[in-house]
Amino acid sequence: MVVGKKFVLVKNFVGEPKAEDVSLQDMELPPVNDGEILIEAEYLSVDPYMRPYSANLPPGTTMIGSQVGKIVESKNAAWPVGKRVVGNFGWVSHTVVNPDAPAAEQLLKIKPYLLPDMGDLPASLALGMLGMPGNTAYFGLLEICKPQAGETLVVSGAAGAVGSHVGQIGKILGLKVIGIAGTDEKCKWLVNELRFNHAINYKTENVEDALRKAAPNGVDCYFDNVGGELSSIVIHQMKDMGRISVCGSISSYNDNLVLGQGNVPKATIIQPAMVFHQLKMEGFIVLRWLNRWQEGIEKNLKWLKEGKLKYKETYTNGFENMFNAFVGMLKGENTGKAIVKV
Ligand code: NDP
């Protein structure tokens, strides 16, 4: 019998997640029956959504998340040993699953799928640019901001998985791109390697002044990963008919405000900017484009192969370090996609 490991939520997070809120446990795996496969995790994703979505899970639940794993035993001819699988199996080292069964009623209702041919690119990209974050950048920018060449785009959370990707698509489309991120190193990477026009360190600079300098004529599109005061500052510098794609709100994820929980926080008044500049603001969940999922992946793969998109991954080694990687990502220790390598 195979014995794997899993991370279980033992206490709902309050504020910043703490080590004692989760526990690393052994798990015995059932035998592999007809139609099933046994997968060994190779790369696991830690993502911001795990914080708000875990807030209301019953204690005892395995932490949610996706991974790339290798098939190590198979009783399903279409899923042979040695192939790689992408699946939402949670924070687990091993999984027995029937990959042909309907997608479980889980957060990401995506059935497991075989890793597509990615050439020499690392398999872990299926959790980043060639996976959910990549499609978030692609659809969230194109479908909600509907940017036009020559316009000015501001991206917050700009050096992370989604933000660094959004800004690069902006450059591909001929936009002026301004990123906002939390360290000088991240800002240098955005400008020197990803060809962003400007980058602002929100922790050390006066964002209002720096943005006025970088975008003296105002902002057309704002791709918002962080929310809060920072976003209000950007919204107050938008042009007439500007568009705001509300992708995430990481600055408030530790406040348990999501889905009607917690008290309504005080916020800067943005309505005058919305009214008098006729702005459009729309939130989204990337699963809205589940029926176009493959289109996003193929487009991003093409851009990667053409060298138009560059990627960075911040690796944490060891399954047992999942929790540290998760909290580190929430605190900004990652540049590009945060990945755990087993
Ligand atoms: P990132 O790789 O961007 O990692 C999170 C980053 O957020 C950190 O590196 C940190 O960078 C930044 N951050 C943390 N706290 C704050 C804060 N208080 N203010 C500003 N920045 C902060 O994660 P992802 O790219 O995976 O996700 C980015 C956003 O997109 C998240 O809000 C996430 O929830 C959202 N998202 C939404 C989806 C959707 O369907 N709507 C799908 C996928 C992601 P720094 O050093 O710059 O502070």
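Given the structure is predicted, the values throughout are model-derived calculations rather than measurements. In listed order, ligands and their atoms are each counted from 1.
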Using distance alone, decide if ligand 1 has a nitrogen or oxygen within less than 3.5 Å of any nitrogen or oxygen in [X].
X      : answer
Val226 : no
Lys186 : yes
Gly248 : no
Val162 : yes
Ala161 : yes

Checking salt bridge (Lys or Arg N to Asp or Glu O under 4.0 Å) for the pair Glu282/Arg288: CA distance, chi angles, key distance, verdict? CA-CA 13 Å; Glu282 184 175 344; Arg288 187 193 294 194; 2.9 Å; yes
Using a 4.0 Å heavy-atom cut-off, which part of [X] comes near ligand 1: side chain, backbone, both, or neither?
X      : result
Ser249 : backbone
Lys331 : neither
Val286 : both
Asn225 : both
Lys337 : neither

Test log, rule side chain to side chain contact (heavy atoms under 4.5 Å, CB included), inputs Lys171 and Asn197: CA-CA 9 Å; Lys171 291 308 299 177; Asn197 299 81; 2.9 Å; yes
Angle between ring planes, Tyr315 versus Tyr43, binned at 30° and 60°: parallel, tilted or perpendicular? tilted
Over 60° means perpendicular and under 30° means parallel, so tell me whether Phe139 and Trp289 are parallel, tilted or perpendicular. parallel
Candidate list Arg243, Lys146, Lys176, test salt bridge (charged side-chain N to carboxylate O under 4.0 Å, His left out), partner Glu151, passing option: Arg243
Would [X] count as a contact residue for ligand 1, given that I'm defining contact as a non-hydrogen atom of the residue lying under 4.0 Å from a ligand atom?
X      : result
Thr183 : no
Gly336 : yes
Ala159 : no
His165 : no

Are Asn135 and Arg292 close enough that some pair of their side-chain heavy atoms sits under 4.5 Å apart? no
Got the closest protein heavy atom to [atom], with its distance?
atom                    : result
atom 34 (O) of ligand 1 : Tyr253 OH, 2.7 Å
atom 37 (C) of ligand 1 : Cys247 O, 3.1 Å
atom 38 (C) of ligand 1 : Thr136 CG2, 3.7 Å
atom 9 (O) of ligand 1  : Asn334 OD1, 2.7 Å
atom 14 (C) of ligand 1 : Leu330 O, 3.1 Å
atom 17 (C) of ligand 1 : Tyr202 OH, 3.7 Å
atom 10 (C) of ligand 1 : Gly332 CA, 3.4 Å
atom 26 (O) of ligand 1 : Pro48 CD, 3.3 Å

Nearest candidate to atom 7 (O) of ligand 1, where distance is taken over non-hydrogen atoms, out of Asn135, Thr314, Ile250, Asn254: Ile250
Any idea which atoms of ligand 1 are less than 4.0 Å away from a heavy-atom of Ala181? 47 (O)
Ligand 1 to Gly182, heavy atom cutoff 4.0 Å, flagged ligand atoms 45 (P), 46 (O), 47 (O)
